[in-house]
Amino acid sequence: MVLASPKPHRSETILVSDVIPIIDLKGERCEVIKLIVKASEEFGFFKVINHGISDETIDKMEEAGFSFFAKPMSEKKLSSPAYGCKNIGFNGDIGEVEYLLLNANSSSIAQISKTISIHDPHSNFRYRVSEYTEAVKEVACEILELMAEGLGVPDRKVFSSLIKDIDSDSILRLNHYPPTLVKDKDKSHSNNVGFGEHSDPQILTVLRSNDVSGLQISLQHGLWIPINPDPSALCVNVGDVLEVMTNGRFVSVRHRAMTNSYKSRMSMAYFGAPPLNASIVAPPVLVTPHRPSLFRQFTWADYKKATYSLRLGDTRIHLFRANMS
Ligand SMILES: C=C1C[C@]23C[C@@]1(O)CC[C@H]2[C@@]12CC[C@H](O)[C@@](C)(C(=O)O1)[C@H]2[C@@H]3C(=O)O
Ligand SMILES: O=C(O)CCC(=O)C(=O)O
Ligand SMILES: [Fe+2]
């Protein structure tokens, strides 16, 4: 473990080296595939560098996000229901976060101007979202194809084709965590939860954040491992649907985001999802007599319905286990 700072500020988290691997996407192909498969099996999380998205595309998206969140609340609320503050989902979950939740398929992005830019005629928000989403989708597809190859699945597009589908239900989420400095000295060590513990329901999440820590993962119940922020990297995680489609080989790991006392944090998460009517089933090569199917067949619409009827921290994947009626 490497201490980044020998004398951290009282309320700073001590930075230790990343537990999850950092994978160079421009590295030797076979090696990259092996590392991605291993990380997805062991941690469900990894970072990628040299991902090919230009600094400009990322910076402009971030800039557009920050300027949106800097608007007065009355103006931001005009973008509801895409805009939300503190309330997460529909079942009473709350966090120290404000966010924009946008459909990320091309035809939906075309609609964003009607809900967001209309309130700011000079904003090129729609263009930034579209450019960033297209770029991050490409990275997600590349990773999913490397995963399929690494798992020995003959059709290497088996996962990526779902998020490339014109009817894909993918989402782009911008989360803004304002600083939460507690004035009361006694409470200065309290850790504020920005976005509570959960797993991501979709296929694959690709998350980028500014240079402020907050993301933590849970590989063991109750033990939280911080993921160091790295604005030049993308943090990738396996979603529930990919756990099902790999017949449990890859793991969808629970994670959460904490707020920082002094600095604003913004994360931009792309959730690659299938079309609503897509069947979620592992390819035959991943189902063997030795490893029978762990899950019953269902559609993304079934899974989404279950997700939205539950709380953020509820586990839902077990509802789809093969032995459940
Ligand atoms: C409380 C909820 C918010 C959420 C839908 C849910 O009912 C349970 C899962 C939540 C989550 C977590 C990952 C993503 O941020 C998200 C968009 C998703 O697909 O599932 C959120 C949902 C949300 O905020 O609407
Ligand atoms: O902001 C983060 O780092 C995590 C957010 C997250 O997990 C989510 O939006 O699903
Ligand atoms: Fe998440």
Side-chain angles (χ1 to χ4, degrees), residues 13 18 20 43-45 47 62 65-66 69 80-104 108 136 163 168-178 180 191-218 224-231 233-243 251-260 263-274 276 300-317 319:
T13 310
D18 263 315
I20 59 167
F43 307 110
F45 267 82
K47 283 181 185 166
E62 183 174 70
F66 269 125
F69 290 121
S80 297
Y83 174 74
C85 183
K86 297 199 176 179
N87 293 305
I88 302 172
F90 308 111
N91 303 315
D93 288 286
I94 287 181
E96 293 301 320
V97 64
E98 57 174 344
Y99 56 86
L100 270 175
L101 208 45
L102 309 166
N103 285 337
S108 303
V136 82
I163 69 172
S168 125
D169 193 32
S170 301
I171 299 173
L172 184 75
R173 173 175 206 135
L174 304 188
N175 291 313
H176 177 231
Y177 306 92
T180 47
N191 267 333
N192 281 311
V193 177
F195 201 111
E197 161 174 9
H198 65 282
S199 68
D200 291 341
Q202 295 82 0
I203 300 176
L204 199 75
T205 306
V206 182
L207 180 137
R208 190 266 181 193
S209 82
N210 66 336
D211 204 4
V212 177
S213 60
L215 180 62
Q216 302 181 338
I217 67 170
S218 173
W224 288 100
I225 301 167
I227 302 297
N228 294 333
D230 179 354
L234 297 172
C235 186
V236 179
N237 67 280
V238 172
D240 297 347
V241 165
L242 192 55
E243 177 167 333
V251 284
S252 173
V253 164
R254 292 166 82 77
H255 52 282
R256 67 180 183 182
M258 309 304 284
T259 57
N260 185 285
K263 299 179 202 155
S264 264
R265 176 164 185 270
M266 191 169 83
S267 65
M268 317 195 286
Y270 169 81
F271 302 94
L276 285 171
W300 168 241
D302 298 330
Y303 202 77
K304 194 174 171 183
K305 190 170 163 211
T307 296
Y308 274 90
S309 68
L310 294 168
R311 298 289 297 264
L312 181 62
D314 288 340
T315 322
R316 40 197 114 83
I317 200 167
L319 299 173

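For ligands, and for the atoms within them, numbers begin at 1 and follow the listed sequence. Values reported hereafter were calculated over all heavy atoms of this structure, with side chains retained and with hydrogens, waters and symmetry mates removed.
A donor-acceptor pair is defined here as one N or O able to donate and one able to accept, closer than 3.5 Å; no such pair exists between the side chain of D314 and the backbone of S309. With hydrogens and angles disregarded, no donor-acceptor distance shorter than 3.5 Å links the side chain of D200 to the backbone of S252. At distances below 3.5 Å, not a single donor-acceptor pair connects side-chain atoms of R265 with backbone N or O atoms of T259. Put simply, the side chain of N210 gets close to the backbone of M266: a donor and an acceptor are under 3.5 Å apart. With D211 contributing its side chain and P231 its backbone, the two residues share no donor-acceptor pair below 3.5 Å. Using modelled atom types, one side-chain atom of R316 and one backbone atom of S199 make a donor-acceptor pair closer than 3.5 Å.
Contact annotation: for D314 versus ligand 1, there are no heavy atoms closer than 4.0 Å. When heavy-atom distances to ligand 2 are checked against a 4.0 Å cut-off, Y99 has no atom that comes that close, whether in backbone or side chain. At a 4.0 Å heavy-atom cut-off, ligand 2 touches L207 through the side chain alone. Looking at F271 against ligand 1, only its side chain comes within 4.0 Å, counting heavy atoms.
The two residues L174 and G65 have their closest heavy-atom pair at CD1-CA, 3.9 Å. Of all non-hydrogen atoms in A82 and L102, the two that sit nearest each other are CB-CD2, 4.1 Å. Closest approach of A257 to Y177, counting heavy atoms only: CB-OH, 3.4 Å.
In terms of protein heavy atoms, atom 3 (O) of ligand 2 is closest to R265 NH2, 2.8 Å. If you check which protein heavy atom lies closest to atom 2 (C) of ligand 1, you get G89 CA, 3.8 Å. If you check which protein heavy atom lies closest to atom 10 (C) of ligand 1, you get L312 CD1, 3.7 Å.
Interface of D200 with ligand 1, defined as ligand atoms under 4.0 Å from a residue heavy atom, comprises 13 (C). Near F271, meaning under 4.0 Å from one of its heavy atoms, ligand 2 places the atoms 8 (C), 9 (O), 10 (O). Per-residue contacts place Y177 under 4.0 angstrom from the following atoms of ligand 2 (heavy atoms of the residue considered): 1 (O), 2 (C), 4 (C), 5 (C). Each of the atoms 1 (O), 5 (C), 9 (O) of ligand 2 lies under 4.0 Å from some heavy atom of N175. Every atom of ligand 1 with a heavy atom of P201 under 4.0 Å away is listed here by number and element: 13 (C), 18 (C), 19 (O), 20 (O). Of all atoms in ligand 1, listed by their number and element, those nearer than 4.0 Å to a heavy atom of T307 are 6 (C), 7 (O), 8 (C), 9 (C). Residue Y308 has at least one heavy-atom neighbour below 4.0 Å for each of these atoms of ligand 1: 5 (C), 7 (O), 22 (C), 23 (C), 25 (O). Interface of R316 with ligand 1, defined as ligand atoms under 4.0 Å from a residue heavy atom, comprises 9 (C). Listed by number with element, the atoms of ligand 2 under 4.0 Å from a non-hydrogen atom of D200 are 10 (O). The H255 neighbourhood of ligand 2 comprises atoms 7 (O), with distances under 4.0 Å to a heavy atom of that residue. Remark: ligand 1 atoms within the under-4.0 Å shell around heavy atoms of Q202 are 18 (C), 19 (O). Distances below 4.0 Å separate heavy atoms of R173 from the following atoms of ligand 2: 9 (O). Within the listing of ligand 1, atoms 14 (C), 15 (O), 16 (C), 17 (C), 21 (C), 23 (C), 24 (O) sit less than 4.0 angstrom from a heavy atom of R173. Interface of I88 with ligand 1, defined as ligand atoms under 4.0 Å from a residue heavy atom, comprises 1 (C), 3 (C), 24 (O).
Here the N, O or S atom of D200 that is nearest to the Fe ion (ligand 3) is OD1. The Fe ion (ligand 3) lies closest to atom NE2 when only the N/O/S atoms of H198 are considered. The Fe ion (ligand 3) is closest to atom NE2 of H255 (considering only N, O or S atoms).
In this structure, H198 has a heavy atom closer than 4.0 Å to ligand 2. Residue F195 places a heavy atom less than 4.0 Å from ligand 1. Taking a 4.0 Å cut-off on heavy atoms, K304 fails to register as neighbouring ligand 1.
The aromatic rings of F45 and H255 stand perpendicular to each other, their planes meeting at an angle above 60°, with 30° marking the opposite boundary. Y303 and W300 have parallel rings, their planes meeting at less than 30° on a 0 to 90° scale where 60° marks the start of perpendicular.
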Checklist entry - Are K304 and D169 close enough, and set up right, to give a salt bridge (charged side-chain N to carboxylate O under 4.0 Å, His left out), and what steps lead you there? => result CA-CA 10 Å; K304 194 174 171 183; D169 193 32; 2.9 Å; yes
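Between R173 and T205 the shortest side-chain heavy-atom distance does not fall below 4.5 Å. No side-chain heavy atom of S170 sits under 4.5 Å from any side-chain heavy atom of Q202. Here the side chains of V238 and V251 are not in contact, with every heavy-atom distance at 4.5 Å or above.
Considering backbone and side-chain N/O atoms, H198 never comes within less than 3.5 Å of an N/O atom of ligand 1. By the 3.5 Å distance cut-off applied to N or O atoms, R311 is not counted among the residues near ligand 1. In terms of N/O distances under 3.5 Å, ligand 1 is not approached by D93.
Considering CG of N260 and CD of E96, their distance stands at 13.0 Å, rounded to 0.5 Å.
For the residue pair E98/Y83, the side-chain donor-acceptor check at 3.5 Å is satisfied.
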